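The block underneath contains the structure these notes are about, expressed in structure tokens.
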Amino acid sequence: MSGAKKAKMVLDREFRIGDVDKRIYGSFVEHLGRCVYGGVYQPDHPQADEDGFRKDVIELVKELDVPIIRYPGGNFVSNFYWEDSVGPVEDRPARLELAWRTLETNRFGLGEFSKWVKKVNSETMMAINLGTRGISDACNLLEYCNHPGGTKYSDLRRRHGAQEPYNVKTWCLGNEMDGPWQVGHKTPEEYGRLAVETARAMRQIDPSIELVSCGSSNSKMPTFPDWEATTLSHTYDAVDFISMHQYFGNAEDDTPNFLAQSLEMDHFIKTVISTCDYVKARLRSKKTMNLSFDEWNVWFHTKASDDDTMANRPWTVAPALLEDPYTFEDALVVGCLLITLLKHADRVKMACLAQLINVIAPIMTDNNGGAWRQTIFYPFEHTSRFGRGVALETILSCDKYDTKDFTDVPVVESVAVMNEEAGEVTLFAVNRDLCDNVELGCDVSSFGSASLIEHIVLACSDLKAVNTLTASPVAPKSVQGGKVDSGRLEAVLPPASWNVIRLKIS
Ligand code: AHR
């Protein structure tokens with residue numbers, strides 16, 4: 001039986017959490033599966049441009065308006081030899097790629113990515129190999145990318161056709177170095193020492209770069225949060241960010257519990273902030289460490305079959321891996337996760353939806369056909385488009401529920417973003433209730449004469465519906481019925497729905 005629940009909210013222009021750094025709408029391109037080959041790059045495809053990049057993919061990435069893209073991994077980076085991926089294509093060697101048991105042809109490398117990232121109006125977040133390599137290779141790569149010329153590696157770049165430096169600003173010091181699966185996995189002491197020495201050397205080459213110290217691979221790691229405390233005790237003064245990674249899933253097919261998993265992300269962020277602030281206090285430092293949540297998403301649909309494929313298949317070029325077909329309920333969870341990142345806009349200054357194309361991705365392609373938007377495309381697109389400005393806390397009273405792993409889960413998850421330049425405030429809200437409408441009443445009187453621009457809803461009667469090349473049952477719609485009257489917003493949030501309520505403010 002469906003009915004209606006009520007939620008009472010106050011939204012005030014002074015309830016500021018912090019400025020939204022647009023880089024929280026970042027994403028990730030790894031040499032994994034068909035993300036690069038068959039996604040970004042497919043010279044024999046009818047949609048390929050003069051550089052071999054798929055134009056249909058470029059258009060979809062532009063729709064998402066992604067300001068920063070992490071590259072080239074991921075687990076891939078921990079045994080990556082960047083020199084193999086530059087220079088004349090015919091001279092580039094094929095290599096055994098250990099993380100995903102794949103043949104890497106190096107047809108696509110740093111130069112190609114730098115060109116592509118410009119075409120999608122983005123910038124590079126470069127990850128370096130601190131698994132099988134170290135300080136000197138990181139320095140050589142930085143010299144190749146950012147030094148103008150007149151040195152061994154900057155002149156090599158120029159000989160490779162790039163006269164101007166790439167000027168990569170953001171650098172990740174390794175990837176998931178706490179994980180036993182990582183090639184070159186390290187103890188916190190080993191990693192902390194290597195990372196700080198690498199950071200110091202890199203800053204001598206280019207003091208303008210920003211550096212990300214490697215945090216835990218997820219909140220369930222046995223070494224969390226000691227990893228953060230120990231590694232930061234070495235790197236704190238030398239870096240600007242600590243990274244966080246976490247993936248979520250519904251392997252047990254328990255939707256109310258799945259929809260509550262953003263509470264786990266919230267708890268993880270709060271614990272990392274506390275740990276950073278503890279190290280800050282111990283070091284008597286004046287600096288506040290920011291967070292780069294540079295891998296997050298739903299990932300579970302393909303895990304078991306991929307493990308089997310990797311164990312049992314021969315070395316192959318660009319096999320289909322991690323191609324999770326995202327359901328409607330996955331999109332709701334991604335919406336809750338985006339709201340959670342925005343709720344921490346004061347400390348989470350970068351984040352990457354992992355990944356961008358084909359591999360646990362909002363954008364899918366057919367090697368022999370077109371490209372399409374998965375369900376999770378929409379909450380990301382909406383927040384990226386309308387979630388720039390100042391994040392505002394919503395004061396909310398609504399029903400709560402308990403699940404296997406969580407207690408007091410609010411039926412409504414919400415945050416707002418005020419864009420003063422555009423004279424708009426946007427409320428993002430998920431109704432987690434699977435049966436009932438939520439009738440939302442919200443005091444918006446602090447914004448003066450506010451009026452409703454539009455109420456966009458992503459809803460679907462089938463929680464397991466997926467989009468494909470030929471059908472998109474999950475797509476947003478503008479709905480009628482909401483209104484703002486005498487400083488009060490009223491809107492109905494349908495059962496199991498993602499909502500974007502845009503107001504014009506004075
Ligand atoms: O995004 C897929 C993989 O997940 C990345 O390579 C790795 O960093 C993480 O474990």
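Predicted model only: the values in this text are computed from it and were never measured. Atoms considered below: every heavy atom in the structure, side chains included; atoms not considered: hydrogens, waters and symmetry mates. Counting convention: from 1, in listed order, for ligands and their atoms alike.
Counting only distance, with no hydrogens or angles, the side chain of Asp49 and the backbone of Lys55 share no donor-acceptor pair below 3.5 Å. In this structure a side-chain-to-backbone donor-acceptor pair under 3.5 Å is missing from Asp226 to Ala229.
The shortest contact between atom 8 (O) of ligand 1 and any protein heavy atom is with Glu295 OE2, 2.7 Å. When only non-hydrogen protein atoms are considered, atom 2 (C) of ligand 1 lies nearest to Gln355 NE2, 3.5 Å. Among protein heavy atoms, the minimum distance from atom 10 (O) of ligand 1 is reached at Glu176 OE1, 2.7 Å. Here the protein heavy atom with the shortest distance to atom 1 (O) of ligand 1 is Tyr247 OH, 2.8 Å. In terms of protein heavy-atom proximity, atom 6 (O) of ligand 1 is nearest to Glu30 OE1, 2.6 Å.
Counting heavy atoms closer than 4.0 Å to ligand 1, residue Val359 contributes nothing at all. No part of Trp296 comes within 4.0 Å of ligand 1, judged by heavy-atom distances.
Residue contact annotation: Phe76 has no non-hydrogen atom under 4.0 Å from ligand 1. Ligand 1 has Ile360 within reach: a non-hydrogen atom of the residue lies less than 4.0 Å from it.
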Please report, to 0.1 Å, the donor-acceptor pairs under 3.5 Å made by any side chain of residues 330-339, with sequence neighbours excluded.
| residue | atom | partner | partner atom | Å |
| --- | --- | --- | --- | --- |
| Asp330 | OD1 | Thr327 | OG1 | 3.4 |
| Asp330 | OD2 | His301 | NE2 | 2.7 |
| Asp330 | OD2 | Thr327 | N | 2.9 |
| Asp330 | OD2 | Thr327 | OG1 | 3.1 |

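His234 and Arg193 form no side-chain donor-acceptor contact under 3.5 Å, judged by distance and modelled atom types alone.
For the pair Arg107 and Val317, the minimum side-chain heavy-atom distance is 4.5 Å or more.
Between Trp181 and ligand 1, a contact under 3.5 Å exists for no N or O pair.
Aromatic ring orientation, Phe80 versus His31: parallel (interplanar angle below 30°, classes split at 30° and 60°).
Every atom of ligand 1 is numbered from 1 in the order shown, and the set under 4.0 Å from a heavy atom of Phe28 is 1 (O).
Partners of Asp405 by salt bridge (Lys or Arg N to Asp or Glu O under 4.0 Å), not counting sequence neighbours: none found.
Here the shortest heavy-atom pairing between Leu469 and Ala371 reads CD1-N, 4.1 Å.
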